[in-house]
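Here is the structure we will look at.
Reminder, nothing fancy here: chain letters follow the sequence lines and each chain counts from 1.
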Protein chains: 2
Amino acid sequence: MADQAAERQNLGLLCFYPHRALESRLLAALVAAGYDDITTAQGRIAARIGPGGTRLTALAEQALVTKQTAGHLVDQLEKAGYVRRVPDPTDARARLVQMAGRGLEVVAVARRVEAEVEAEWTAHLGEEATAQLRAALERLREITDPYR
Amino acid sequence: MADQAAERQNLGLLCFYPHRALESRLLAALVAAGYDDITTAQGRIAARIGPGGTRLTALAEQALVTKQTAGHLVDQLEKAGYVRRVPDPTDARARLVQMAGRGLEVVAVARRVEAEVEAEWTAHLGEEATAQLRAALERLREITDPYR
DNA sequence: CCATTCCGTCAGAGAATCTGACCATCGTCA
DNA sequence: TGACGATGGTCAGATTCTCTGACGGAATGG
């Protein structure tokens, strides 16, 4: 596992930095905008709540955590007024986690930061290389996302 | 932050899956090989220990955690016989974390799995696309790794 | 109609992470 | 040569994150 030195790094490890960089930028921007009570793990869940709402089990799958962890994090987001839980009209067992009140404000900040970061990265890589990167990562997801 | 639906996903998020996929494969392989007491976070530190040893502060920077967290994880790895701490001959304050005993065995398993995973990904993407992905991620690291 | 699966919560335990403080050492500068 | 700021690492405590197992209710398929 120790191959950090001169040897070239594996692709999975190389993916670590952009992923973390975006998360850090997002959290920093949210703190700067006054939303200083969202943690990294909560953000990772909140980032996967789609328009209309998303089920807890889906959030857990996409964030690669257990239902218990996702539930706990949604509890906290709900308590802080970012999300709400509503019944899923298509399945009485299920509930949809939706962005609420403050969460909608957060979405706007997050989208702006994501756009900024992606513009920076595109400027650094070039349009073509960025398109190729995206295509490769999307194709890679076909075999790396266990829930797709 | 909630843009998971039909909208295309940002690059940072797309990087999440390969990174996690590799970590999961590594841990599963280690468990299968009998090293079932290494946690994900410990693995993330151990993966950055270079030949000759690496300082705690460097491990913390690369793994994007605090010195305290890195120290705690190294404590555990040391206690389990995977690493050892030795004085850094160039700085009396510093110590080098080196792979020890069981850790060297773990390295061999890890390298094999990393090679397997990368071969699978290359087979899925194609040689050229993989080379482009690597080049793009390495260039991206120039602006996403805060400690380089 | 029944067995199986799914959905989400509950309880508890352990892992991971952080801040602030502290001490020893190093490098720089006057 | 000594002072000072920075660095390296540890200590203590607190909080967050994560997991397993269990459970009850709802949905699905045979």
Rounding to an integer number of Å, can you tell me how far [X] [atom1] sits from [N] [atom2]?
X	N	atom1	atom2	result
D37(B)	dA16(C)	CG	C1'	17 Å
H72(A)	dT15(D)	NE2	P	13 Å
L27(A)	dT16(D)	CG	P	14 Å
L59(B)	dT7(D)	CG	C1'	16 Å
I45(B)	dT17(C)	CD1	P	8 Å
I38(B)	dA16(C)	CD1	C1'	16 Å
D75(A)	dC10(C)	CG	P	7 Å
L56(A)	dA26(D)	CG	C1'	16 Å

Distance check: side-chain N/O of [X] vs OP1/OP2 of [N], anything under 4.0 Å?
X	N	value
R55(A)	dC7(C)	yes
T39(A)	dT15(D)	no
Q76(B)	dA16(C)	yes
R85(A)	dG8(C)	no
T69(A)	dC17(D)	no
R44(B)	dA16(C)	no
T66(B)	dC18(C)	yes
T40(B)	dA15(C)	no
R93(A)	dT28(D)	no

If you check the R95(A) side chain, which of dA27(D), dG8(C), dA16(C) turns out closest?
dG8(C)
Of the options dC26(C), dA27(D), dG8(C), whose atoms approach the side-chain atoms of D91(B) most closely?
dC26(C)
R25(B) and salt bridge (charged side-chain N to carboxylate O under 4.0 Å, His left out): which partner among E120(B), E118(B), E114(B)?
E120(B)
Give me the one residue out of R93(A), R55(A), R95(A) that meets salt bridge (charged side-chain N to carboxylate O under 4.0 Å, His left out) with D88(A).
R55(A)
Residue pair Y35(A) / E105(A), side-chain donor-acceptor N/O under 3.5 Å:
yes
From the options V83(B), V107(B), V74(B), select the one residue that forms a side chain to side chain contact (heavy atoms under 4.5 Å, CB included) with I49(B).
V83(B)
Side chain Q68(B) and base dG20(C) donor-acceptor under 3.5 Å
yes
Is V86(A) reachable from I45(A) through a run of hydrophobic residues whose side-chain heavy atoms are each under 4.5 Å from the next?
no
For T54(A) and L96(A), run side-chain contact (heavy atoms from CB on, under 4.5 Å): C-alpha distance rounded to whole Å, both residues' side-chain angles, the deciding distance at 0.1 Å, then the answer.
CA-CA 5 Å; T54(A) 306; L96(A) 293 174; 5.8 Å; no
5' priority, DNA chain D, between K67(B) and L73(A) [closest heavy atom]
K67(B)
